[in-house]
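Structure first, then comments.
Count residues from 1 along the sequence.
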Amino acid sequence: MIEADSKAFLFAGGLTGFGETRLAENLVIRDVCCTADPITLMGKTRSQREYGLLCSLQDQLTFEVEIAGREQGDAAIIGWNFQWALCFLSIITDSYVIWPFGGSCSLADVECPDFYLTNSFLFPSALSEPRVVAEEDLRYFKENLDSFQNLVGNNAFSTAVSIAAVHSHTPQSSIAMATIWSGIEGILGFDHELRFRISLALSHVLEDSPEERVNSMKKFAKLYDCRSKSVHGARTPKNLAESVEQSAEILRKLILKVVERKEAFSREYWDRVFVGEMK
C-alpha cells in the first residue's frame with residue numbers, strides 16, 4: 001500500500017458481490033450502500049439538481065472504488081481516468097454499470113461524503129436490480145486492468161469501448177447496428193469498408209480452428225451486410241435486433257482479445273497476417 005496524501009471515491013451501481021478487493025496498490029473496490037436519509041443528504045451536493053438526482057439513485061449505489069494518491073490532487077485525477085475501467089467492467093460482465101457520483105470519503109462514513117457529479121449519462125436500466133459479479137469476471141478484471149488502461153489512449157480502442165458500454169440503449173436497431181460495426185472496424189484498424197477482409201480478420205482473431213473460422217466468416221459477412229444496409233438506409237431484415245445483439249457480442253469479445261494481447265491491431269499486423277507471415 002502507498003502512503004496516501006489524497007483519496008477519492010467513485011460511487012457506482014449495477015453490480016454487487018465484490019466484498020472488498022484490492023485491484024492495485026492504490027485501488028480498492030468494495031460493496032457498499034448509502035443509508036443516509038434525504039435530510040442528511042441536503043447540502044452534500046453542489047446544486048439542487050444534483051441533490052434530486054442523488055436522492056433518486058441513492059438505493060442504486062451498490063459499490064465504490066477507493067483511489068489513493070501520493071500527493072494532493074493525484075487521487076482525483078486517477079479517479080477521473082478510472083471511469084474508463086468501469087466501462088471495462090461493464091464489458092467483462094456484460095452488464096450496465098453506472099457511476100453517477102464521486103466523493104472525498106466512503107459512502108459508509110457516518111458523516112456521509114460531499115458528492116460531486118461524475119457521469120449523468122443514465123438510462124432506465126440504471127434503476128434495475130444489480131447483478132452479482134462472478135468470481136472469474138472479477139479475477140479477469142483485476143488481471144487485465146493495467147493492459148486495458150494502457151490501451152485507452154488509442155482513439156479507436158476507446159471509441160469501441162464507449163460503444164460497447166452503451167450500445168443496448170440506442171433506441172433504433174439500425175443505428176445501433178451501424179454504430180457497433182464502426183467500433184469493430186476501428187478496433188481492427190481498417191479505415192475503409194471491406195466485407196471480406198473484415199470477416200476474415202474477425203475469424204482469425206475470435207476462432208481457433210480452420211473449420212470454425214470458415215463457418216464464422218459466413219456469419220460475420222452476413223452481419224456486415226446487415227450493417228451496410230443499416231448505414232445506407234436500405235431495407236433491413238426482420239431479425240435486426242438479433243443481429244445487433246450478435247454484433248455487440250463480437251465487439252465485446254474483440255475488446256477483450258485486444259486487452260489480452262496488450263496492444264491494438266495495426267495495418268502492418270494485418271498485412272503480415274493476410275500474406276501468411278503471422279499465425
Under the side chain to side chain donor-acceptor pair (under 3.5 Å) rule, what pairs show up with a residue in [range], not counting sequence neighbours?
range	value
residues 134-157	Tyr140-Glu260
residues 51-68	Lys7-Glu66, Arg30-Glu64, Arg30-Glu66, Glu64-Ser106
residues 76-92	Gln83-Trp99

To the nearest 0.5 Å, what is the distance between [atom1] ([X]) and [atom2] ([Y])?
X	Y	atom1	atom2	answer
Phe220	Asp225	CZ	CG	13.5 Å
Glu20	Ile29	CD	CD1	11.0 Å
Lys219	Leu206	NZ	CG	8.5 Å
Ile198	Met217	CD1	CE	11.5 Å
Asp109	Ser104	CG	OG	8.5 Å
Thr118	Ile98	OG1	CD1	9.5 Å

Joint hydrophobic cluster, Leu188 plus Phe196, side-chain heavy atoms closer than 4.5 Å
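The answer is yes; both residues are in one hydrophobic cluster.
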In this structure, would Phe11 and Val28 fall into the same cluster of hydrophobic residues linked by side-chain contacts under 4.5 Å?
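Unlinked, Phe11 and Val28 end up in two clusters.
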Is there a donor-acceptor pair under 3.5 Å between the side chain of [X] and the backbone N or O of [Y]?
X	Y	result
Thr16	Val132	no
Glu212	Ser209	yes
Arg49	Gly52	no

Given the rule in the side-chain contact (heavy atoms from CB on, under 4.5 Å) test, do Leu145 and Leu27 qualify, once you have shown the distances and angles that lead to the verdict?
CA-CA 11 Å; Leu145 182 57; Leu27 293 169; 4.2 Å; yes
Minimum-distance pair of heavy atoms, taken over all atoms of [X] and [Y]:
X	Y	value
Pro38	Cys55	CB-SG, 4.4 Å
Ile67	Gly79	CD1-CA, 3.8 Å
Leu41	Cys34	CD2-SG, 4.4 Å
Leu61	Pro100	CD2-CG, 3.9 Å
Tyr96	Ala165	CD1-O, 4.3 Å
Ala75	Gly69	CB-N, 3.9 Å

Tell me every residue that passes salt bridge (Lys or Arg N to Asp or Glu O under 4.0 Å) with Glu242, counting only those two or more places apart in sequence or in another chain.
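In terms of salt bridge (Lys or Arg N to Asp or Glu O under 4.0 Å), with neighbours along the sequence ignored, Glu242 is linked to no residue.
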Give the C-alpha distance, both sets of side-chain angles, the deciding distance and a yes or no for side-chain contact (heavy atoms from CB on, under 4.5 Å) between Arg46 and Phe115.
CA-CA 8 Å; Arg46 297 176 178 179; Phe115 294 87; over 6 Å; no
So do [Y] and [X] actually touch side chain to side chain, heavy atoms under 4.5 Å?
X	Y	value
Phe9	Val65	no
Tyr224	Ile184	no
Val214	Ser203	no
Ile187	Ile255	yes
Leu202	Ser216	no
Ile250	Ile180	no
Trp270	Arg197	yes
Ile92	Leu256	yes

Using a 6.0 Å cut-off, check whether atom NZ of Lys44 has over 12 heavy atoms from anything other than its own residue.
yes
side-chain contact (heavy atoms from CB on, under 4.5 Å) between Met177 and Cys226, intermediate numbers included:
CA-CA 8 Å; Met177 191 71 175; Cys226 189; 3.7 Å; yes
Please tell me whether Phe157 and Phe148 form a close aromatic pair, meaning their ring centres lie under 6.0 Å apart.
yes
Taken in chain and number order and not counting sequence neighbours, the residues that satisfy side-chain contact (heavy atoms from CB on, under 4.5 Å) with Arg131 are Leu15, Ser95
Hey, could you give me each pair passing ring pair (Phe, Tyr, Trp, His ring centres under 6.0 Å) that has a residue in residues 17-50? Not counting sequence neighbours.
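As it turns out, the ring pair (Phe, Tyr, Trp, His ring centres under 6.0 Å) pairs with a partner in residues 17-50, which skip direct neighbours, are Phe18-Phe63.
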Begin with the C-alpha distance, continue with both residues' side-chain angles, and end with the deciding distance and a verdict on side-chain contact (heavy atoms from CB on, under 4.5 Å) for Leu23 and Phe82.
CA-CA 12 Å; Leu23 301 174; Phe82 194 81; 3.9 Å; yes
Angle class for the Tyr269/Phe265 ring planes (parallel below 30°, perpendicular above 60°, tilted otherwise)?
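Because their plane-to-plane angle lies in the 30° to 60° range, the rings of Tyr269 and Phe265 count as tilted.
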Parallel, tilted or perpendicular: which describes the rings of Phe88 and Phe141, with under 30° parallel and over 60° perpendicular?
tilted
